[in-house]
Amino acid sequence: RVNQLQSRHLGNGYIEGKELENFFSQLDVARRGAGVDPSNAAFKEKMTEFMQKFDKNKDGRIEMSELAQILPTEENFLLCFRQFVGSSTEFMAAWRKYDTDRSGFIEANELKGFLSDLLKKANRHYDDQKLQEYTQTILKMFDLNGDGKLGLSEMARLLPVQENFLLKFQGVRLTAEQFNAIFAYYDKDGNGYIDEQELDALLKDLYEKNNKEVDSKSLNGYKQSIMALSDGGKLYRTELEIVLCREPML
């Protein structure tokens with residue numbers, strides 16, 4: 001039940017407002033096995049206590065890392081592992097090494113090597129037994145259909161919310177036709193790739209056309225994360241397509 005509750009609210013990495021009220025109501029039902037009236041005073045009092053205890057930064061919403069405190073250890077794994085992951089740029093650089101055919105997937109038998117590289121980049125120490133444990137747990141979490149493939153959008157959930165740059169593009173997701181048109185516009189010589197300066201212009205235009213505001217620091221961070229997928233500074237169509245077109249399979 002907790003899995004259902006957890007996965008239901010992965011949109012922006014937080015639950016807030018009515019989402020939080022619904023979550024708390026369902027959690028209470030799941031734990032007590034009885035109905036609860038969200039309008040009664042006892043419920044509102046428990047909501048207030050919950051927020052005081054778990055909303056550490058007092059922003060009126062609960063981040064997954066805050067919510068992790070009430071989850072059992074097994075359910076907590078994804079959130080705990082995020083503490084060992086470095087930046088999204090490091091994550092993408094490690095991904096690039098294993099997604100050699102630029103498909104947006106790596107093979108399950110490559111997962112151990114991918115995790116090892118990721119932990120090394122984040123300067124985290126681990127033993128082989130722990131790495132094997134991580135590998136098996138992540139396989140259970142992400143290779144749900146048993147096809148031996150792990151998708152980028154799913155694996156990016158290992159990143160802390162603020163580092164998961166794929167989430168930043170949910171509001172500007174493109175259709176294949178829109179993507180082809182915008183890529184052709186920036187790949188003026190038709191050689192199948194764009195460079196960092198062209199990506200910078202492309203991202204700015206993309207956000208402006210969708211009436212979305214983004215500061216230069218954030219935009220530069222997104223750009224660096226995407227360029228980590230590139231090949232010697234050349235960002236090919238397939239890399240950018242993974243970021244801007246494919247819906248996360250959550």
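Interatomic distance, T135 OG1 to K130 NZ, rounded to the nearest 0.5 Å: 12.0 Å. Here the straight-line distance linking atom CG of N220 with atom CD of Q224 works out to 5.0 Å at 0.5 Å rounding. The CD atom of E239 sits 10.5 Å away from the CD1 atom of I194 when rounded to the nearest 0.5 Å. From L111, atom CG reaches atom CG of L131 across 8.5 Å, with rounding to the nearest 0.5 Å. Atoms CD and CG, from E241 and L235 in turn, are 11.5 Å apart once rounded to the nearest 0.5 Å. Once rounded to the nearest 0.5 Å, the distance linking CG of D101 with CD of E107 reads 8.0 Å.
Scanning both residues, T100 and K97, for their nearest heavy atoms gives CG2-O, 3.5 Å. Taking every heavy atom of both residues into account, K223 and E196 meet most closely at CE-OE2, 3.6 Å. Annotation for M92 and A228: closest pair CB-CB, 3.6 Å, computed over non-hydrogen atoms. Here the closest heavy-atom approach between residue R96 and residue S230 is recorded as NE-O, 3.6 Å. Of all non-hydrogen atoms in D143 and K149, the two that sit nearest each other are OD1-O, 3.7 Å. For L158 against V85, the heavy-atom pair with the smallest separation is O-CG2, 3.6 Å.
Taking 4.5 Å as the limit, some side-chain heavy atom of Y134 sits within range of a side-chain heavy atom of L119. By the 4.5 Å heavy-atom criterion applied to side chains, Y222 and V243 are not counted as neighbours. Side chains of K112 and D128 form a contact here, defined as non-hydrogen atoms less than 4.5 Å apart. Put simply, the side chain of N191 does not reach to within 4.5 Å of the side chain of K234, judged on heavy atoms. Taking the side chain as every heavy atom from C-beta outward, R157 and F142 approach each other to under 4.5 Å. Side chains of F91 and M155 form a contact here, defined as non-hydrogen atoms less than 4.5 Å apart.
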Exercise for the section: Using the side chain to side chain contact (heavy atoms under 4.5 Å, CB included) rule, take I182 and L244 through it: C-alpha gap first, then chi angles, then the decisive distance, then the call. Expected result: CA-CA 11 Å; I182 199 169; L244 298 181; 5.5 Å; no

Handout entry: Check against side chain to side chain contact (heavy atoms under 4.5 Å, CB included), Y193 and D231
Key = CA-CA 10 Å; Y193 64 83; D231 186 3; over 6 Å; no

Practice task
Run the numbers on L203 and I226 for side chain to side chain contact (heavy atoms under 4.5 Å, CB included), then give the verdict.
Solution key: CA-CA 11 Å; L203 292 177; I226 296 171; 4.3 Å; yes

Problem - L139 vs L150, side chain to side chain contact (heavy atoms under 4.5 Å, CB included): CA-CA, chis, key distance, verdict - result: CA-CA 8 Å; L139 273 174; L150 299 159; 4.2 Å; yes

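Side-chain heavy atoms closer than 4.5 Å link hydrophobic residues (I, L, V, M, F, W, Y) into clusters, and following such links, possibly through other members, connects L240 to L219. By the rule that hydrophobic residues join a cluster once side-chain heavy atoms approach within less than 4.5 Å of another member, Y186 and Y236 end up as members of separate clusters. Hydrophobic clustering places I242 together with F179 (ILVMFWY residues linked when any side-chain heavy atoms are closer than 4.5 Å, directly or through intermediates).
In this structure, D187 does not pair ionically with R237, as no charged nitrogen and carboxylate oxygen lie closer than 4.0 Å. Between D200 and K204 a salt bridge is recorded (basic side-chain N to carboxylate O distance below 4.0 Å).
Using cut-offs of 30° and 60° on the angle between ring planes, the pair F114 and W95 is perpendicular.
A donor-acceptor pair shorter than 3.5 Å can be found between the side chains of S103 and D99.
Remark: K188 is positioned above the aromatic ring of Y185, its terminal NZ or CZ atom under 6.0 angstrom from the ring centre and at most 45 degrees off the axis.
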